[in-house]
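A short write-up of the structure that comes next.
Every value quoted in this text rests on a predicted model; they were computed, and no experiment measured them. Chain naming here is simple, since letters A, B, ... match the order of the sequence lines and numbering starts at 1 in each.
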Number of protein chains: 2
Amino acid sequence: MARSPDPLNLDSMLCFAVYAAGHAFTRFYKPRLDAIGLTYPQYLAFLVLWEADGISVKALGDRLFLDSGTITPMVKRLEARGLLQRQRDEDDERVVRVYLTAEGRGLRAKALAVPLEVGAALSDEAATVDTLRAGLHRLRVLLDDASSGTPSA
Amino acid sequence: MARSPDPLNLDSMLCFAVYAAGHAFTRFYKPRLDAIGLTYPQYLAFLVLWEADGISVKALGDRLFLDSGTITPMVKRLEARGLLQRQRDEDDERVVRVYLTAEGRGLRAKALAVPLEVGAALSDEAATVDTLRAGLHRLRVLLDDASSGTPSA
DNA sequence: CAAAATTCAATTGCGCACAATTTAATTGCG
DNA sequence: CGCAATTAAATTGTGCGCAATTGAATTTTG
């Protein structure tokens with residue numbers, strides 16, 4: 001009589017493992033990002049901006065899987081702090097582009113230390129990290145496919 | 001001359017893979033949980049309550065890695081909807097315990113369908129799911145250890 | 001036993017995160 | 001060309017999520 005496993009058991013659920021690991025990352029990043037004055041989502045936005053300065057609000061949101069309701073106020077807060085500027089595209093007035101200021105570009109140097117500390121915390125698991133990231137990427141794709149009406153259609 | 005990989009490249013970061021997969025889960029769950037009237041965090045709380053009715057607010061928060069600033073208002077909203085009741089512990093007046101109502105217990109039957117749909121979306125990856133979950137669990141432990149002053153101390 | 005320290009819940013303030021709506025600009029189609 | 005459909009941002013409202021603080025109950029300790 002093998003007891004049937006509870007299908008609603010929290011610890012057996014992949015979704016909760018992802019949820020909890022996400023919060024753990026936020027906690028880990030918090031003191032490191034406090035040092036450069038960014039929140040974790042803001043840090044992600046800068047990762048994009050350091051690679052693609054002048055990107056549109058829309059494209060920034062697509063890159064981070066966030067919508068305008070999240071991006072717009074975040075970008076406005078960063079603009080208020082002088083880390084970037086928002087500017088309407090001349091050719092298409094619907095589009096707002098985000099340009100880093102010198103101060104915003106300057107943050108990058110300080111940010112370089114952060115992934116090193118992540119690497120240190122996970123030092124023994126270097127091999128697993130690639131597997132995990134690949135698995136999570138595939139997970140996201142499968143979930144998003146399933147979320148937007150089966151793509152087989 | 002192998003080009004040195006950008007240490008701040010978004011797509012190479014495990015933290016972003018976790019972050020994005022978490023949002024993908026939320027999106028996937030949204031329409032399923034709308035059907036039973038719960039948000040995703042509320043669903044997690046019920047997973048705990050269905051297994052541990054009468055748990056304290058503190059213990060519920062520990063289980064979900066959330067603090068009273070998150071749990072207290074969530075539990076109050078659920079109480080306002082008649083899904084549970086809050087009650088001070090008689091032996092220790094600091095403690096508030098959470099008890100499911102009949103309606104709250106009744107949600108469990110509807111919730112059983114949800115993990116089945118997750119399984120369906122990830123059908124071909126059943127083998128990877130266990131590896132992923134284990135990897136994420138270990139990831140969370142390593143990050144939390146590193147977050148709370150090295151435990152080697 | 002009494003004062004100090006700890007614990008639990010609640011509260012306040014700020015920043016995501018997303019659904020739904022609104023407004024403006026652009027594209028597409030007859 | 002002119003109107004409909006689409007697209008981009010912004011806005012509104014609700015609900016997390018956490019830091020910091022408060023207040024009350026309990027435990028620890030001198």
Exercise. If you measure from the Lys or Arg side-chain nitrogens to the Asp or Glu carboxylate oxygens, is any gap between B:Glu93 and B:Arg88 under 4.0 Å?
Worked result: no

Exercise. Hey, is A:Asp11 close enough to B:Arg63 for a salt bridge, meaning N to O under 4.0 Å?
Worked result: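 Yes, this pair counts.
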
Provide, to the nearest angstrom, the distance between the [atom1] atom belonging to [X] and the [atom2] atom belonging to [N].
| X | N | atom1 | atom2 | result |
| --- | --- | --- | --- | --- |
| B:Leu33 | D:dG15 | CG | P | 15 Å |
| A:Asp89 | C:dT26 | CG | C1' | 12 Å |
| B:Met74 | D:dC16 | CE | C1' | 8 Å |
| A:Glu93 | C:dT27 | CD | C1' | 16 Å |
| B:Arg97 | D:dA25 | CZ | P | 17 Å |
| B:Arg94 | C:dC8 | CZ | C1' | 6 Å |
| A:Phe25 | C:dC16 | CZ | P | 19 Å |
| B:Leu66 | C:dA10 | CG | P | 15 Å |

Problem set entry | Stretch residues 35-46 of chain A: residues that reach within less than 4.0 Å of DNA chain D through a heavy atom |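 The answer is none.
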
Exercise. Which nucleotide sits closest to the side chain of B:Asp67: D:dC18, D:dA8, C:dA19?
Worked result: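 Of the options given, the side chain of B:Asp67 lies nearest D:dC18.
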
For this session: Would you mind telling me which of C:dA17, C:dA10, D:dA9 lies closest to the side-chain atoms of A:Val96?
Result: D:dA9

Kindly say if [X] contacts the phosphate of [N], meaning a side-chain N or O under 4.0 Å from OP1 or OP2.
| X | N | answer |
| --- | --- | --- |
| B:Tyr29 | C:dC18 | no |
| A:Thr72 | D:dA10 | yes |
| A:Arg88 | C:dA25 | no |
| A:Lys76 | D:dT11 | yes |

For this session: Using a heavy-atom cut-off of under 4.0 Å over every strand shown, decide if B:Asp91 touches base, sugar-phosphate, or nothing.
Result: sugar-phosphate

Exercise. Hey, does B:Arg86 reach any base, or is it just sugar-phosphate, or nothing, if we go heavy atoms under 4.0 Å?
Worked result: sugar-phosphate

Exercise. Are the ring centres of B:Tyr19 and A:Phe25 closer than 6.0 Å?
Worked result: no

Problem set entry | Atom CZ of A:Arg138: over 12 foreign heavy atoms under 6.0 Å | no

Problem set entry | Closest-nucleotide 5' rank along DNA chain C - winner of A:Arg77 and B:Val95 | B:Val95

Exercise. Which residue, A:Glu90 or A:Phe65, contacts DNA chain C at a nucleotide closer to its 5' end, judged by nearest heavy atom?
Worked result: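 Its nearest nucleotide being more 5', the pick is A:Phe65.
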
Exercise. In terms of the nearest nucleotide of DNA chain D, which residue is placed more toward the 5' end: A:Asp92 or A:His23?
Worked result: A:Asp92

Problem set entry | Residue mapping more 5' on DNA chain D - nearest nucleotide basis, A:Ile71 or A:Thr26 | A:Ile71

Exercise. Partners of B:Asp53 by side chain to side chain donor-acceptor pair (under 3.5 Å), sequence neighbours excluded?
Worked result: none

Exercise. What distance separates B:Arg97 CZ from B:Ile55 CD1, expressed to the nearest 0.5 Å?
Worked result: 8.5 Å

Problem set entry | Atom pair OG/NZ of A:Ser68 and A:Lys58 - distance to nearest 0.5 Å |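 Taking OG in A:Ser68 and NZ in A:Lys58, the distance rounds to 9.5 Å.
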
For this session: Using the ring of B:Phe28 (Phe, Tyr or Trp, six-membered ring only), decide whether B:Arg32 places NZ or CZ under 6.0 Å from its centre and within 45 degrees of its axis.
Result: yes

Exercise. Considering every strand shown, what is the Watson-Crick or G-U wobble mate of C:dG30 when both distances are under 3.5 Å?
Worked result: D:dC1

Exercise. What orientation do A:Trp50 and A:Tyr43 show, parallel under 30°, tilted 30 to 60°, or perpendicular over 60°?
Worked result: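 Taking A:Tyr43 first and then A:Trp50, their aromatic rings stand perpendicular (interplane angle over 60°).
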
For this session: For the pair B:Thr72 (side chain) and B:Gly69 (backbone), establish whether a donor and an acceptor sit closer than 3.5 Å, ignoring hydrogens and angles.
Result: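 Side chain of B:Thr72 to backbone of B:Gly69: no pair is present.
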
Problem set entry | Under 3.5 Å: donor-acceptor pair, side chain of A:Thr101, backbone of A:Gly82 | yes

Distances under 3.5 Å between protein N/O atoms and the N/O atoms of nucleotides 21-23 of chain D, please, pair by pair.
none

